[in-house]
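For reference, the structure discussed in these notes is given below.
If you're wondering where the values come from, they're calculated on a predicted model, not measured in any experiment. First the proteins, then the strands, lettered A, B, ... as listed; each starts at 1.
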Protein chains: 2
Amino acid sequence: MITIYDIAEKAGVSAMTVSRVINNTGRISEETRKRVRKVMDELHYIPNALARSLVSQKTNLISLLITDITNPFYTTLARGAEDAAKKAGYRLLFANSDEDYEKEKDYVDMILSTRVDGVLFAPAGDHSHDNLLQLQKHQIPFVVLDREIPGIDADVVLGDSKEGARNLVEHLITQGHQRIALVNGSQDVSTARLRYIGYNEALQLNGITPDDSLVLHIGYRDFHDETALHELLQLDDPPTAIFAANNMLAVGVIQSLRLRGLQVPRDMSVVCFDDFGPAGAINPFLTVASQPAYQFGKLGMQLLIERIEGEASDASRRIMLPSELIVRSSTQPL
Amino acid sequence: MITIYDIAEKAGVSAMTVSRVINNTGRISEETRKRVRKVMDELHYIPNALARSLVSQKTNLISLLITDITNPFYTTLARGAEDAAKKAGYRLLFANSDEDYEKEKDYVDMILSTRVDGVLFAPAGDHSHDNLLQLQKHQIPFVVLDREIPGIDADVVLGDSKEGARNLVEHLITQGHQRIALVNGSQDVSTARLRYIGYNEALQLNGITPDDSLVLHIGYRDFHDETALHELLQLDDPPTAIFAANNMLAVGVIQSLRLRGLQVPRDMSVVCFDDFGPAGAINPFLTVASQPAYQFGKLGMQLLIERIEGEASDASRRIMLPSELIVRSSTQPL
DNA sequence: AAATCTTGTGTTATCGATAACTCAAAATTA
DNA sequence: TAATTTTGAGTTATCGATAACACAAGATTT
């Protein structure tokens, strides 16, 4: 590997002079500068970022930790984060926690040893608390995305889960539905709690008494709990509409319904949180509360970079982004 | 930041002894080991990967360069790559080229300065040649994914584009279609060329004379060339089916058709290469040649890691993965 | 008891770059 | 012309870790 010393020797100067040429610092005569530049080109020299970072204590690396890169919400978020990072000269170190606290912890350890400048952290849930605390203890700047973690005071970019849920449920009520089921994420995730609250609020505001036998707490990632849905459908007074608390749950619900010979919206209306990204545009079909995923990533990254570069005040900031109700064809008036 | 010297001082030993404890190398008395361990825990010591890498000349970083993280094919591929990387103790440095050679070049420069151990490279197209050569010149191991680059001799994981295209077109022919259009990627991408060949072969094998006025060369990334599609539909003898060369093009085609009041499959049959990932499962609708995207990432990463760790022979390897024809409801017998 | 080996640990140099300081020669000022 | 300032470099120490070598004290062999 070509180092600064190779350049120095061949150009007949000291390493420091080469360093000065590279960084355009200090005083260098035009003649020397040209000679060094020429040798650098000839040898295809590229500065070693490791050595640089060791001195400067800055890696220009930002870790993006998300729960599922396969989910279009996070994919679009990642895109926003990457664009903003690139613009500011940061590279992205990528990690996928799979909504699994242990995997998340592994990655936090990796992150700490890598000495990244900051972390854009979409936590798996409330128990991410310890992992975030670990970052705090080591004074790594971070911004929390999508889910609020009780007990962690940090910059955070959230969606308005309560309002989004309310809008979806009210849309169903407007169409005449009264028995509305909620297939929710795990209760140790803030968004799932808020969507549950929004769901209940919408029902009560419209004079419908919430019925907890219509509420399933499953988990955002996979819809494997077929039996729970089955029980829901076997009720004396079964739901006529289902609110899935995120896009992946909606996929599972619809697939299960299909397996049972039930069609959406003919036999069951379905709505959900989060849209399906570009891929979903082939056949826009589900009525959703669409969150501005790209903005989550972009704004989160901007907050983070401000923090890293010391341009942010000490107080932690909180951005709440609205979701948009997009009515499509997965709901039908009762 | 806590360093090995802080630990050494507090434990009353030399830095080297601490290093030995960390790495379980050399001879250390049980007593000293315990003492050092205790101090390490107390101070929450985490080794600095930068310093380590500088000495060992190994970063345990692998760069994943793809063209579009928003495309479920690459997303699933990334997932496969990440899982394989994590298993082998590598972290992933992420980059998105947007099918843009300049952006790709920028990232290659970043990659080189970061001293990654290897690159998993999904090239934008034939002109990625220079960027790959750049890696070769600096002796960075890499594996090429999805697209073959003329003039570059390297490990590569490909899909069988020709056969996949043939299968899709033959499926359409079986249904009675004779006027089949191809909306293709740019001709400087190997998969687009092969899909074009497969398309022609299928037509000829079935006694249909290929008609180049039915073939559009657009670009995989965006479907913005509305006028081209318009002309296609205005032909005296317009197509009754469209083969979109990838999933994103299919989305564009279907949206455009919809804007013109044309429905799939009633007014036009549509098939495409690549499936839509988990999100597409809500409403499986398009007939596709589905590529094993996860395997692309996983196998590519395995090849790469073998190369990095010197377990691979010098000869470059070439893996060709078949695609699977999945017939759904976007095609209709004529 | 002397010679040899083993054990446990320390010292020094190094990875590639840069910050901080130094200093001779040239240019400018008094 | 002597004193001072500016210019264009070079030297040394440092970032945090590890490889290679050195070495004293204790254990083992002859």
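- Scanning all heavy atoms of the two residues, the minimum distance from A:L145 to A:L120 falls at CD1-CG, 3.7 Å.
- You'll find that the side chain of A:S14 is closest to D:dT11, out of D:dT18, D:dT11, D:dG8.
- Straight-line distance from the CZ atom of A:R115 to the P atom of D:dC15: 14 Å, rounded to whole Å.
- Remark: C1' of C:dT7 and CZ of B:R33 are 13 Å apart, rounded to the nearest angstrom.
- For B:N23, a side-chain nitrogen or oxygen approaches OP1 or OP2 of D:dT18 to under 4.0 Å.
- The residue among B:Y5 and B:T32 whose nearest nucleotide of DNA chain C is located toward the 5' end is B:T32.
- At whole-Å resolution of the value, OH in A:Y45 and P in C:dA17 are 3 Å apart.
- Counting distance only, with no hydrogens placed and no angle test, the side-chain atoms of B:R20 and the base atoms of C:dG10 include a donor-acceptor pair under 3.5 Å.
- The side chain of A:T17 places an N or O atom within less than 4.0 Å of a non-bridging phosphate oxygen (OP1 or OP2) of D:dG10.
- Along DNA chain D, the nucleotide closest to A:V55 and the one closest to B:T25 are compared, and the more 5′ of them pairs with A:V55.
- At whole-Å resolution of the value, CD1 in B:I46 and P in D:dA17 are 11 Å apart.
- Rounded to an integer number of Å, the gap from B:N48 CG to D:dT14 P is 18 Å.
- Contact annotation for B:V13: backbone-only contact, meaning every heavy-atom pair under 4.0 Å involves sugar-phosphate atoms and none involves a base.
- Within the structure, every side-chain polar atom (N or O) of A:Q57 is placed at least 4.0 Å from both OP1 and OP2 of D:dT14.
- The existence of a salt bridge linking A:D83 and A:R79 is confirmed by a sub-4.0 Å separation between a basic side-chain nitrogen and an acidic carboxylate oxygen.
- Here the side chain of A:L54 is nearest to one of D:dT18, D:dG10, D:dC15, namely D:dC15.
- Because its NZ or CZ atom is not both nearer than 6.0 Å to the ring centre of A:Y5 and within 45° of the ring axis, A:K10 does not count as a cation-pi partner of that residue.
- Close to D:dT7, at under 4.0 Å from its OP1 or OP2, lies a side-chain N or O of A:R27.
- Residue A:S29 has its side chain nearest to D:dG8 when only D:dG8, C:dG10, D:dA17 are considered.
- Ring centroid separation for the pair A:F296 and A:F73 comes in under the 6.0 Å cut-off.
- Within the structure, a side-chain polar atom (N or O) of A:R52 is placed less than 4.0 Å from OP1 or OP2 of C:dT18.
- When atom types are taken as modelled, the side chain of A:E104 and the backbone of A:E99 share no donor-acceptor pair closer than 3.5 angstrom.
- When the P atom of D:dT6 is taken as reference, atom CD1 of A:I28 falls 19 Å away, rounded to whole Å.
- Contact between the side-chain N/O atoms of B:S53 and the OP1/OP2 oxygens of D:dA17 is not found at any separation under 4.0 Å.
- The phosphate of C:dT18 (OP1 or OP2) has a side-chain N or O of A:S19 nearer than 4.0 angstrom.
- Spacing between atom CD1 of A:I22 and atom P of C:dA17 amounts to 7 Å, rounded to whole angstrom units.
- Nucleotide D:dA9 holds its P atom 17 Å from the CD1 atom of A:I7, rounded to whole Å.
- By the 6.0 Å contact criterion, NZ on B:K105 is open, its count of non-hydrogen atoms from other residues, nucleotides or ligands being 12 or less.
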